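Notes follow once the structure below has been shown.
Naming: A, B, ... by sequence-line order, numbering from 1 per chain. This one's a predicted model, so the numbers in the text were calculated from it and none came from an experiment.
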Amino acid sequence: MNANSGLKKLLAKEEFVVIAGIGIPRGADFKPLEERYKLLEKKVNAFYIPDNPGANVHLLGLAAAVHLEKLGGETVLELNCRDRNRIAIQSSILGAAALGIPNLLFSTGDHQTLGNFRGAKRVYDVDLTQAIQVARGMRDEKKFSNGEEVAQPPSIFIGAEANPFADPFEFRAALMAKKVEAGADFVQIRAVFDLERFGKWIKLVRQQEPLQKIPILAGIIPLVSVEQAKSLQEAPGMIVPDSIIQRLEASGKPEDEGIKIAKEIIAQVKKTEGVRGIVLHASGMESLVPDLIK
Amino acid sequence: MITAVRKPLNEIIEMVAPCEKILVTGCGTCVTIDYSGGAKEAAILASQLRIARRLGGKKLETLEQTVERQCEWEFVKEFTDHAAECQAIISMACGAGIQTVAAAFPDKPVFPGVNTRFIGMPQKQGVWEERCICCGNCVLHLTGGLCPFARCAKTLLNGPCEGSQDGKCEVNRELDCVWQQIYDSLKERGRLADLQKIFPLRDWSTGEDGGYRITVREDMML
């Protein structure tokens, strides 16, 4: 089957895209996924399916993606480099494409020691840039990474994870250019809270020749409590400015204030050159999404 | 050097429980320099085991012997006389030494006295850091003299992951992010352009993924 990316078409039409990150069940049951899907059905352009996020076991992303596609939702399936070697990555690409998953987002993957299975063996045979290069080679050159021919090339829209809030900061835009040169069609960045840093990063991105036309999808996490904000502040690769924590603390209703903050951030990223959409990480908070994107 | 740390005493007590007389062997090279398994540490372990046995109301006899390198046949042969008197041997060498002793004395139980850690160097007195995973295909000329396989928790070759912050690794904020260091090192050397190259997939079979490795040098054979 040839997958057909609605995301690709929307981005080509210069439309601002809204993707919802959906919570993946931690049991052998699609019901929780269906319930979350119903809250978001027809309200967003696509669903982002995280790949065992936080290095914790969740239902297989590919299975969740196939189920959502059956229900009528377009999906962006994450494939990380933590859990699969080059054999499994290429096999996953073929399987996903054959099952009609149109968009694949490649990521490095949270390190296994950050989750609840600390004794797990690492893979990282292929890094993120290489994974994208392999995917592009399979699609455009009909070649596996070893040069063998792919019988039926996968029709996929290729995404790369990037993080403006990680270091070395000066290298981040150049690193993103590497991912794009390797074959990324779009870039999904981590959650934006620090607009000043985001602005500085965008300036560096604009200076990189390969990044002039790349669609950037900005991550958005609605904050619902001071505790959640503080925990995100401690999470690797995140920057949550103290001013945001102070606003939540000063507010009588942190959840309302969190939505207000998220709306402000969405408004700001929406008018940023190069940003073509948002990815709302609303796992467990799916009910907040309709209000956020009004 | 190869670095090691002494195994917990209780583990070793359990291993030698059935024995009345054991040989505790040290190694005179790497584990002597890192204070984990040299002559001094062998003597300390032997006395700890004797004391532990006596506290249990029984007796343990120990012999101690340290050779230059336990990872070579000609040196471990020196244990032959003492080994003949003992029911088991504790080797305080690295994993290579322990296996050489085990192969040289096939009729005796051989117990590890240390846990071998890594190939590294003493960063300062009392602190050792990993530096090499023996990948069999060195890239240090490309990465500013810092190994992304030994020192990046994700063995990344095309740049840092999305969790590196303030020069620290996402795995543990006590660890330096080697990609920050590689960036700084290449910047100082005026070679940042090197980082823009995309490194293709790596052949890991030159390392531990290709089965255990044997180096054959015809020119050195007798």
Original post:
Looking only at atom types and distance, does a side-chain atom of B:Gln180 sit under 3.5 Å from a main-chain N or O of A:Asp167, one as donor and one as acceptor?
Top reply: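 No; zero donor-acceptor contacts below 3.5 Å.
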**OP:** Give a yes or no on whether the backbone of B:Glu162 and the side-chain of A:Asn163 come within a donor-acceptor separation of less than 3.5 Å.
**Re:**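 Yes; judged by distance alone, with no hydrogens or angles, the pair exists.
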How far apart are the closest heavy atoms of [X] and [Y], and which atoms are they?
X        : Y        : answer
A:Phe171 : B:Gly159 : CE2-CA, 4.2 Å
A:His111 : B:Glu170 : N-OE2, 2.8 Å
B:Leu201 : A:Gln130 : CD2-CB, 3.5 Å
B:Asn158 : A:Leu175 : O-CD1, 3.3 Å
B:Pro200 : A:Gln133 : CA-OE1, 4.3 Å
B:Gly163 : A:Pro236 : O-CB, 4.0 Å

Does atom [atom1] of [X] have more than 12 heavy-atom neighbours from other groups under 6.0 Å away?
X        : atom1 : answer
B:Glu14  : CD    : no
A:Arg136 : CZ    : yes
A:Phe144 : CZ    : yes
A:Ile87  : CD1   : no

**OP:** Report the option among A:Ala174, A:Cys81, A:Ala131 that has the most heavy-atom pairs separated by less than 4.5 Å from atoms of chain B.
**Re:**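 Maximum pair count with chain B is reached by A:Ala174.
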**OP:** Report the option among A:Glu181, A:Arg172, A:Gln112 that has the most heavy-atom pairs separated by less than 4.5 Å from atoms of chain B.
**Re:**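 Ranked by heavy-atom pairs under 4.5 Å with chain B, first place is A:Arg172.
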Does a side-chain heavy-atom distance below 4.5 Å link [X] with [Y]?
X        : Y        : value
A:Glu170 : B:Lys187 : yes
A:Glu161 : B:Cys161 : no
B:Trp204 : A:Arg86  : yes
B:Arg173 : A:Glu234 : no

**OP:** Tell me, for A:Ala235 versus chain B, whether the close heavy atoms (under 4.5 Å) come from the side chain, the backbone, both or neither.
**Re:**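 When you check distances to chain B, only backbone atoms of A:Ala235 fall under 4.5 Å.
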Subject >> Atom group of A:Ile239 that falls short of 4.5 Å from chain B, counting heavy atoms >> reply: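 Contact with chain B involves both backbone and side-chain atoms of A:Ile239.
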Original post:
Looking at residues at least two apart in the chain, or sitting in another chain, which of them share a side chain to side chain donor-acceptor pair (under 3.5 Å) with A:Ser231?
Top reply: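 Partners of A:Ser231 under the side chain to side chain donor-acceptor pair (under 3.5 Å) test: none.
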Original post:
Which residue pairs pass the salt bridge (Lys or Arg N to Asp or Glu O under 4.0 Å) test with at least one member in residues 200-219 of chain A, sequence neighbours excluded?
Top reply: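 Sorted result for residues 200-219 of chain A: A:Glu196-A:Lys200, A:Arg206-A:Glu273.
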**OP:** Mind checking ring-ring contact (aromatic ring centres under 6.0 Å, His included) for A:Tyr48 and listing every partner two or more places apart, or none if nothing turns up?
**Re:**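 By the ring-ring contact (aromatic ring centres under 6.0 Å, His included) rule, A:Tyr48 matches A:His281.
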**OP:** Give me the contact list for residues 131-154 of chain B versus chain A, heavy atoms only, anything under 4.5 Å, ordered by residue number.
**Re:**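 Counting heavy atoms that sit under 4.5 Å from chain A, the residues of residues 131-154 of chain B involved are B:Phe149, B:Cys152, B:Ala153, B:Lys154.
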Original post:
Between B:Asp184, B:Leu156, B:Asp166, B:Leu195, which shows the greatest number of heavy-atom pairs under 4.5 Å with chain A?
Top reply: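 Heavy-atom pair counts peak at B:Leu195.
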